[in-house]
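Read the structure below first, then the notes.
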Number of protein chains: 4
Amino acid sequence: MGIRVAVAGASGYAGGELLRLIAGHPELDLVTATAHSQAGAPVTAVHPQLAGLDLVFAATEPAALADADLVFLALPHGESAALAAALPESVRVVDLGADHRLRDAAAWSRYYGGEHAGAWVYGLPELPGQRARIAAATRVANTGCYAAAITLALAPLVAAGAVAPADVVVVAASGTSGAGRAAKAHLLGSEVMGDLSPYKVGAHQHVPEIKQATGATSLSLTPVLAPMPRGILATVTAVPTGDADPRAVLAAAYADSAFVHVLPEGTWPHTAATLGANSCHLQATVDVDSGRVIVVSAIDNLGKGAAGQAVQCANLMLGLPETTGLSTYGVTP
Amino acid sequence: MGIRVAVAGASGYAGGELLRLIAGHPELDLVTATAHSQAGAPVTAVHPQLAGLDLVFAATEPAALADADLVFLALPHGESAALAAALPESVRVVDLGADHRLRDAAAWSRYYGGEHAGAWVYGLPELPGQRARIAAATRVANTGCYAAAITLALAPLVAAGAVAPADVVVVAASGTSGAGRAAKAHLLGSEVMGDLSPYKVGAHQHVPEIKQATGATSLSLTPVLAPMPRGILATVTAVPTGDADPRAVLAAAYADSAFVHVLPEGTWPHTAATLGANSCHLQATVDVDSGRVIVVSAIDNLGKGAAGQAVQCANLMLGLPETTGLSTYGVTP
Amino acid sequence: MGIRVAVAGASGYAGGELLRLIAGHPELDLVTATAHSQAGAPVTAVHPQLAGLDLVFAATEPAALADADLVFLALPHGESAALAAALPESVRVVDLGADHRLRDAAAWSRYYGGEHAGAWVYGLPELPGQRARIAAATRVANTGCYAAAITLALAPLVAAGAVAPADVVVVAASGTSGAGRAAKAHLLGSEVMGDLSPYKVGAHQHVPEIKQATGATSLSLTPVLAPMPRGILATVTAVPTGDADPRAVLAAAYADSAFVHVLPEGTWPHTAATLGANSCHLQATVDVDSGRVIVVSAIDNLGKGAAGQAVQCANLMLGLPETTGLSTYGVTP
Amino acid sequence: MGIRVAVAGASGYAGGELLRLIAGHPELDLVTATAHSQAGAPVTAVHPQLAGLDLVFAATEPAALADADLVFLALPHGESAALAAALPESVRVVDLGADHRLRDAAAWSRYYGGEHAGAWVYGLPELPGQRARIAAATRVANTGCYAAAITLALAPLVAAGAVAPADVVVVAASGTSGAGRAAKAHLLGSEVMGDLSPYKVGAHQHVPEIKQATGATSLSLTPVLAPMPRGILATVTAVPTGDADPRAVLAAAYADSAFVHVLPEGTWPHTAATLGANSCHLQATVDVDSGRVIVVSAIDNLGKGAAGQAVQCANLMLGLPETTGLSTYGVTP
């Protein structure tokens, strides 16, 4: 008998990926998946890729989750806090939403609206000392998808003093699953195929999270929707403070990380290589003309950017090897 | 210490997928991967999705393969036979190429050219009695990708006498990885994105294999290249012989198959649901206007159509549970 | 001063393409574009590709259209008839919807529901004698997109007695714009990219139209949604009655057609070559194994399948050269 | 009898788009199209989208071009100079290659290698005073595709003193046709679909051209290959010098430009809206967190980024209205 886990909000894309990972995880038993409008429907009616998984969506209520050992919350931003508060302290919780990421209550209210629910341990195991904090926690706030890609690229450089924390410029493109499953006209296939479109230019809600996680003091983020289902490619540029080799700084920071790969010199990350995996690929250089440090980071937004990351945190919280049930190998081509 | 396996021709798409599956397989140890022009290069230089896999391509020669317990051959059509002949009988071999699929030597020569190497046990475990034959064999000829999708859709209906074996009409569309990794102008992204293009119309080399595997006596196959990396969707139509419900015939045939799912009535297969998995999704109906039986079959051409199928056969040959190291769940979206 | 034209239902994909074609047409003046929920919005808010076109959507009402010389109706199926009936007989009308295509009232009711509005002259100029009928008409029913692709492939062969009218088997794949602009979850980019999915298998509402237009007496149509914004590739197979060369029959039928190209022998149509154009590309052969005739037809579903076809009909109705304002050249790659 | 034009290097993607535009241009007669390895082949064998265009590729030699009134050179970088030098001065020439763009011979040699051929009038009509210079020239160097998108976004802001010329940071993603038609494995559809991949990070050869055209003194450009055939989306960020509204500066600069549209406030450019057109869409804002100016620019890399731009320049050189034969309306969706 394995560890009993439940997923709240399992009808969305991150929820579906959680179900897939849990179903293939050797130590976890999926006991409950909840949904709102899909409650009562077979899981496979919403996620046909899980054909063979015999489970019906329960309604998203505390009673459906309370007897699990660990609960993943994959709910829209702003909906996790109330549900989490209603769960017994003995139930471990990983929240994939934004509700418990920010320490700055004002930033929360400005970007998300409503009252701030308070910060939990931040679920990015590769940050210094973070594995231990996650392992000791019963409540963990999973990173945002952009935040995961950008923080892994930037945090070690800021921490090492290799780049200035101010004037960081980021352009990051995401596959469409990052925009969720709600039926919106601008997300139709006819609109997104063959198209690149920026959005929330000049004021993205992930900026406070990224600054908090990386130590950056000023950061411009331009997100772009790209014509592919999955993947984030983040181009992070910053002003160097000296002559440190940015690639060497990153390589040292992730020498012991199973999921973060600093690629061989001259090889640049691309998103397809991380598809379906929990990996992050990194490369860095110094720009010839401007002298800026340029770091490129690639992840699967549903993998290291959401569900994979969440399972990695859960493994730590449960005392399992960090890599249990997770792949470092992408489904490519 | 696990079972020692090698992959010959591991620099192509099917080869890369084999490496991914073997690397995640709990009982198999990947000891050798060979290539032609890439011999001497790190595997990750060709397959960046395998970052972290520390292996260098050997040259494709019998000596590099002879001490493996099992060898997968993922070579171009016509190149397997000579290599296989040079391997000790004690080494089990799964050939992903076409060399040993056909019993009809004349058909081989007509479609592939050159001399016929003789037929091996056909590697489609879901055919009646085939699991036992594969388990007893040391040489297995993996199905072609189109043949896998079409045979799973059609063979039970012909065997049951539910459809006539003559006048079968098939249109099947494949993702571009089915066309391989050789750099050809008509396979460039600029050409294939936004495009559907038929090819080998009127005379596809897979027709004899499909007829042999299904029992069809006359079959028209029109293959179409589709703008996606993976996936085959086969639409198979045939003339019914009576009133049998084609869905019921298929459901009965695959009741005990872990990888073949006949979907709930009214739900039609689509390729994305099988991405990265070893599954086949099926559905059938009778056309209102023409009275024809229509069966639709979806697979991942690199999964159930190539590498996944090959690992399934290897599991049987090695006495392992058929599903070891294989997923039934697609990476979707 | 040009000919005054209006478009009703101009906020959809076919409507947007009509606006683009009219704006580039040397003889037509776009005076009115109507919409339902978008009435009052600038046209460019819905169609950003028309930046520079200074027009606001009117509400879809007869009064907004009555003083045009010609009106295009690009409304959902079932909504054209009432609006058309309210327009003066002096206003020429091309209906892109299905309301007036079928002569068989029972077939209309079965597939579309509701009462049949009666048949108009069928808007496929390349059918024998049809140019004159269209030129003489004040009301024309534009073809459906699948019907255009399939009829151009099949009608000359049936008419010439080269194939049997019974047992025609068609599989046709369409880009997603054919499914319209309504926000539905299964049409999201995340769902359709990387995916092929059949729909309405066994009973598509276009079958009666295709039979009426081609003379086929029994026809199986399996439509497939393909991961691209535009394009239809139809694979049409039929049983030959003799030894006629199907390519020669088609070449003779379209020798004088500016928009229908029977490709050189051995060259097969593909959809991207017709993108943005009003062209149809055809090729035919006889299948080696089955003896069936196979014809492949490629169009842009919004071009020859909708808006381009409609402008071609309008040109004929207005006494203009058929090709005015229309391109035969695709936007490729 | 129209103006006689020829295209050298017409078998590539930019060449094919030139042929399409010339074939639809009311004043230009296409008399010659040349190619290297395709010399002797029908144009439609290489460009099936031009079905109906009856022309055979000539070899790329001066004699084939010398009797044209105007020649477009669409050759690989480094091959234009010698051919241009062999053409009579009376023949007007628009060079789509890089050979004659740079005034800085050292920069040319560093990024392209070989000897510098000297600079021609720069073919970006929207730069101040440039229309008159182009109209007076017999030799014009067309912009690079990235340079077109970025210069239109940045030049007016630098010229107005609204942003500092140093520390400009650009990330620009391009569709795959920008990488040309040569068959390379990393450009296969299987590789690029579902993938974002950066290239030439830290040292792109377009940087000197962009600095020359915009007045920027230091600029970091990270190019990204995006999974679509066409389109460039450039995100340009720069440090403001005061409180000027960047959108207002751009709107004033392009008030009289038919092809450059500064979108309504709050609406951001996306590439699909420019597909097949010669338009550039722009929008700008000031980033809340960093205070940087962010400008986003969208073009079709084969339109305003190559062939469309070249025809616009040719129109000016020939005394025709700038917009003749060019569309401002995109083929969308």
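Just so it is clear, the structure is predicted and the values come from calculations on it, not from any experiment. Below, chains carry the letters A, B, ... as their sequence lines are ordered, and counting in each starts from 1.
When each of P227(D), G178(D), G180(D), A179(D) is checked for heavy-atom pairs under 4.5 Å with chain B, P227(D) comes out on top. The greatest number of non-hydrogen atom pairs below 4.5 Å with chain D, out of M228(B), R230(B), E191(B), is found for E191(B). For the set V192(B), D195(B), L187(B), the count of heavy-atom pairs under 4.5 angstrom toward chain D peaks at L187(B).
Only the backbone of A182(B) has a heavy atom closer than 4.5 Å to any heavy atom of chain D.
Inspection of the S177(D) and S190(B) side chains reveals no N or O donor paired with an N or O acceptor under 3.5 Å.
In terms of heavy-atom proximity, M193(D) sits nearest to P229(B) at CE-N, 3.7 Å.
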